[in-house]
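Presented below is the structure to which this report refers.
What you are looking at is a predicted structure, and each value in this text was computed from that prediction instead of being measured. Per chain, numbering begins at 1; letters A, B, ... match sequence-line order.
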Amino acid sequence: MAKIVVDVMLKPEILDPQGVAVSAALPRLGFTFAKSVRQGKRFEIEIDGDPTPAQLAEVAKAAETLLANPVIETFTVRVEK
Amino acid sequence: MKVGVVTFPGTLDDRDAARAVTHAGTTVISLWHNDADLKGVDAIILPGGFSYGDYLRCGAISRFAPVMEKIIDAANGGMPLLGICNGFQVLCEAHLLPGALTRNHELHFLCRDQKLEITNNQSAWTSSYSVGQEIVIPLKNGEGSFQCDDATLAALESEGRIIARYVGENPNGSRNKIAGITNERGNVVGLMPHPEHAIDTLTGPTADGLGFFTSVLKALVK
């Protein structure tokens, strides 16, 4: 069994109010390391066996169609053992 | 003349939309998200609410509901289609309108009476208004900030496809204070505030919203 991970992030030019709120909360708790924070989504997709290139292409197609909105978001597809 | 009002699981404002259509003097046909048939309607409204619980992204799941396939075809064929609030989000997810609606810049859910300026009265849903007319209708959403890339924004501006803008302070961070837009043809309109909640002063702050529903009647009679 393999796990395919799709990470979805807002494009850099799109305002991320949630990330801004997290970024503002960190120093209040004494965490002063963050210059900025962006918040995204992670999808974990389990499949039987090792994924073939065709399956990965299909996942990428699904990410482009449903998991991410390409108008405002970017995504990456990777395999986690 | 029949106007379809679509109900998805989680839709809230279908009854008010239906009432507004009736008030404007048109017949309402209820459409269910699982219908693959538009029941002979002449125009369609996607009302507000939280379809499919806003899971994934607002409007992202609804966009693939069986009824949407027919609606997308009909809209591409020129049928008047109005998306209010969550309906606007569905139209963007369906790529019938450009851009996307994102979280309000202050993160708060807003619920208030909002002043708008009508900036295009050539669309199927805005012909009852005059350009520059100010109206007050309710605004209530958590993800109403209209975002798009610079090229899209420039095209919307130069083609006059912004149908309404927020007046005064920008409530949600929308680019260029955009409250609503239309497609190139003018038959598809997305609007974040709620005209269906302002069709008479008995139930709404004003009757300013009724014009959206009388406009479509004129568009259909033409």
Side-chain angles (χ1 to χ4, degrees), chain A residues 3-29 31-32 34-47 51 55-80, chain B residues 51-65 68-69 72 86 88-110 141-156 170-178 181 183 190:
Chain A
K3 191 195 284 175
I4 302 172
V5 176
V6 179
D7 286 310
V8 177
M9 292 298 295
L10 278 173
K11 287 179 180 174
E13 66 270 25
I14 302 289
L15 177 70
D16 172 20
Q18 294 183 106
V20 172
V22 172
S23 177
L26 286 172
R28 284 205 299 273
L29 301 172
F31 299 112
T32 54
K35 188 173 163 220
S36 75
V37 178
R38 305 279 293 172
Q39 184 178 322
K41 290 191 191 102
R42 171 187 165 113
F43 299 86
E44 296 183 345
I45 301 161
E46 282 182 351
I47 63 159
Q55 279 175 317
L56 285 175
E58 218 180 347
V59 171
K61 183 78 189 149
E64 194 185 350
T65 310
L66 179 66
L67 305 183
N69 176 355
V71 175
I72 49 167
E73 294 168 326
T74 58
F75 66 87
T76 58
V77 178
R78 64 194 157 84
V79 182
E80 241 178 40
Chain B
S51 60
Y52 296 92
D54 275 353
Y55 287 0
L56 189 60
R57 291 178 307 279
C58 303
I61 309 283
S62 325
R63 176 250 177 280
F64 294 103
M68 280 306 296
E69 258 180 61
I72 290 168
N86 188 221
F88 188 5
Q89 294 161 343
V90 174
L91 294 181
C92 288
E93 284 284 344
H95 307 301
L96 286 171
L97 292 173
L101 283 309
T102 63
R103 194 64 66 102
N104 294 344
H105 69 327
E106 305 260 2
L107 286 172
H108 301 295
F109 187 96
L110 297 174
N141 62 69
E143 308 205 12
S145 177
F146 180 81
Q147 300 297 322
C148 62
D149 59 34
D150 291 343
T152 305
L153 188 66
L156 288 172
N170 190 335
N172 51 26
S174 281
R175 295 201 75 180
N176 292 17
K177 290 186 167 182
I178 289 174
I181 57 172
N183 63 346

Requested in this report: For atom CZ of B:Phe109, decide whether the heavy atoms of other residues, nucleotides or ligands shown that lie under 6.0 angstrom number more than 12.
Outcome: yes
Report task. Determine whether more than 12 heavy atoms belonging to other residues, nucleotides or ligands lie under 6.0 Å from atom CZ of B:Phe64. Result -> yes
Report task. Drop me the distance from B:Leu101's CG to A:Ile72's CD1, to the nearest 0.5 angstrom. Result -> 9.0 Å
Query raised in the report: What is the distance from atom CG of A:Asp16 to atom NE2 of B:His105, rounded to the nearest 0.5 Å?
Result: 14.0 Å
Requested in this report: Carefully, step by step, assess A:Leu15 and B:Thr102 under the rule side chain to side chain contact (heavy atoms under 4.5 Å, CB included).
Outcome: CA-CA 9 Å; A:Leu15 177 70; B:Thr102 63; over 6 Å; no
[X] versus chain B, the contacting section by heavy-atom distance below 4.5 Å:
X	value
A:Leu66	both
A:Gln18	both
A:Lys11	neither

Query - Selection from B:Gln147, B:Glu93, B:His95 maximising heavy-atom pairs under 4.5 Å formed with chain A - result: B:Glu93
Query raised in the report: Out of B:Gly99, B:Gly173, B:Cys92, which one racks up the most heavy-atom pairs below 4.5 Å with chain A?
Result: B:Gly99
Query raised in the report: Counting N and O atoms only, with roles assigned by atom type, does the side chain of B:Arg57 sit under 3.5 Å from a partner on the main chain of A:Leu67, one being a donor and the other an acceptor?
Result: yes
Query - Proximal component of B:Asp149, with respect to chain A [non-hydrogen, under 4.5 Å] - result: neither
